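Each remark here refers to the structure printed beneath this line.
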Amino acid sequence: MDYTSWAYGLLGGLMIGTAAAIFLLVNGRIMGASGIAGGLIDGSGRSTWVERVLFIVGLVGAPALLGLVYKLPATNATSNIGLLVVAGLLVGVGTRLGSGCTSGHGVCGISRLSVRSILATFVYIGAGAAIIVIARGLGVLS
Amino acid sequence: MKNLVTLFCGALFGLGLVVSGMTDTLKVQGFLDFFGVWDATLVFVMGGAIIPMFIAWRIAALREKSVLGGLIPLTPKTELDRPLIIGAILFGAGWGLSGFCPGPAFASSSFGGVGSLTFLAAMLAGMVIAPPIIRAAKAAP
């Protein structure tokens, strides 16, 4: 049982949820990472581009600043570049097609009891669990 | 003011992702690995994040406008359509293979080295090519 990991998880989760709550109640916006970035990329969010850019600046910049004074935990990502490219493409296309990711569907959607978001979350967790079994069987993941 | 709040929310989201351990791909893959050594951290992260948002939606339901005047987003769509399901399957597959989802990919871009940047670039490329795929998925019988 990794209680420290769970405690940090809960604390970080409360920070994420508080950010989403402020974004909703103060600005009237939904905090979904893929939606915010995707709207910039395909032009669908042209009228709100300043907000999207600023959100991403904060999202990238705050950990970067923290990293100057504190050694941040490793991402432990695979060194298999091809795997990262395939995974990135799947996440990019999938989140746009499915209208959301872990923050949009998982946090903002589930908390408003959206049926679409609850279903999407079950499906992407199920798909993630299945692909790990498959990839391990094929020797792609250890 | 609105811009400052946006910057703050992005920053708090990014710090929360780092603190929670969700920029560690092994923790994420550990959660998805139900048949291995299961890591429950993500459950605590999601639970912790849903609590303030659940309260926020209750408050939002009582008012038409946000503090700075923007309309509170309308009630969600309820249609369970094919793009939602196919999109979630593709997203979940990429998430499981890498341990990255969009928020942590951005949050770790300054310290995650080649791995984070490669994933992020591929994810953004995926978002570039998504529109015609979405049109095809919606048009298919």
Side-chain angles (χ1 to χ4, degrees), chain A residues 5-6 9-10 12-28 33-34 38 41-42 51 54-55 58-60 62-64 67 72-73 75-77 84-85 87-98 101-103 107 111-112 114 120 123-124 127-129 131-132, chain B residues 3 5-7 9-16 18-20 25-26 32-34 41 44-45 48-50 52-54 56-57 66-67 70 72 76 83-84 87-98 101-103 106-112 115 118-119 122-123 126-127 130-131 134:
Chain A
S5 176
W6 295 355
L10 187 62
L14 287 169
M15 291 167 69
I16 295 165
T18 303
I22 294 171
F23 205 42
L24 176 70
L25 292 177
V26 179
N27 283 13
S34 60
I41 285 177
D42 64 20
E51 170 199 277
L54 283 174
F55 185 87
L59 173 57
V60 173
L72 298 182
T75 57
N76 294 314
L84 286 170
V85 169
L89 288 170
L90 284 168
V91 170
V93 171
T95 53
R96 295 306 282 155
L97 183 59
C101 58
T102 345
S103 48
V107 175
S111 61
R112 83 194 298 198
S114 155
V123 172
Y124 64 66
I131 204 80
I132 283 187
Chain B
N3 288 341
V5 173
T6 301
L7 191 64
C9 289
L12 186 59
F13 179 40
L15 294 177
V18 173
V19 169
S20 65
T25 58
L26 291 184
L32 293 170
D33 192 5
F34 293 102
T41 306
F44 287 83
V45 181
I50 286 173
M53 261 319 265
F54 184 78
W57 281 119
S66 63
V67 175
I72 297 280
L84 180 80
I89 291 173
L90 297 180
F91 164 44
W95 190 39
L97 285 175
S98 62
C101 53
F106 280 109
S108 68
S109 58
S110 65
F111 63 90
T118 304
F119 177 87
M123 180 185 90
M127 290 178 172
I134 295 170

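Naming convention: chains lettered A, B, ... in sequence-line order (proteins, then strands); numbering from 1 in each chain. This structure is a prediction, so every number in the text was calculated from the model and none was measured.
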Aromatic plane relationship, A:Tyr124 with B:Trp95 - under 30° parallel, 30 to 60° tilted, over 60° perpendicular: perpendicular
For A:Val123 against B:Ala88, the heavy-atom pair lying closest together: CG1-CB, 3.6 Å
Contact winner vs chain A - B:Gly115, B:Pro83, B:Ser110, B:Ala130, heavy-atom pairs under 4.5 Å: B:Pro83
Proximal component of B:Phe111, with respect to chain A [non-hydrogen, under 4.5 Å]: side chain
Expected output: side-chain B:Ser20 to main-chain A:Gly13 donor-acceptor under 3.5 Å: no
Best-contacting candidate, A:Thr18, A:Ile41, A:Val85, A:Leu25, against chain B by heavy atom pairs under 4.5 angstrom: A:Leu25
Residue of the set A:Asn27, A:Ile22, A:Val26 for which side-chain contact (heavy atoms from CB on, under 4.5 Å) holds with B:Thr6: A:Asn27
Distance, nearest 0.5 Å, that separates CE of A:Met15 from CG of B:Leu15: 5.0 Å
Smallest separation among heavy atoms of A:Leu14 and B:Pro52, with atom names: O-CG, 3.9 Å
Engaged part of A:Ile132 at the chain B interface, taking heavy atoms whose separation is under 4.5 Å: side chain
Selection from B:Cys101, B:Ser109, B:Ser108, B:Ala93 maximising heavy-atom pairs under 4.5 Å formed with chain A: B:Ala93
Closest approach of B:Phe34 to A:Ala129 (non-hydrogen atoms, all atoms of both residues): CD1-CB, 3.5 Å
Best-contacting candidate, B:Gly92, B:Pro131, B:Gly14, against chain A by heavy atom pairs under 4.5 angstrom: B:Gly92
Residue among B:Ser98, B:Gly112, B:Ala107 with most heavy-atom pairs under 4.5 Å to chain A: B:Ala107
OG1 on A:Thr95 to CE on B:Met127, rounded to 0.5 Å: 4.0 Å
Nearest atoms (heavy-atom pairs only) where A:Ser103 meets B:Phe13: CB-CZ, 3.9 Å
CD1-CD1 distance between B:Ile50 and A:Ile16, expressed to the nearest 0.5 angstrom: 11.0 Å
Spacing of A:Leu59 atom CG and B:Cys9 atom SG [to the nearest 0.5 Å]: 11.5 Å
Reported CD1-to-CG distance for the pair B:Ile134 and A:Asp42, which is rounded to 0.5 angstrom: 7.0 Å
Over all atoms of both residues, closest heavy-atom pair of A:Asn76 and B:Thr25: O-OG1, 2.9 Å
Residue, of A:Leu10, A:Val91, A:Leu54, that accumulates the most heavy atom pairs under 4.5 Å with chain B: A:Val91
Contact class of B:Phe106 relative to chain A, heavy atoms under 4.5 angstrom: both
Most chain A-contacting option - heavy-atom pairs closer than 4.5 Å, from B:Val18, B:Ile89, B:Thr41, B:Thr118: B:Thr41
Set of side-chain hydrogen bond (donor to acceptor under 3.5 Å, both in side chains) partners for B:Asn3, sequence neighbours left out: none
Which atom of B:Gly103 lies closest to which atom of A:Ala33, heavy atoms considered: N-CB, 3.6 Å
Option in A:Gly98, A:Gly88, A:Ala127 with maximal non-hydrogen atom pairs under 4.5 Å from chain B: A:Gly88
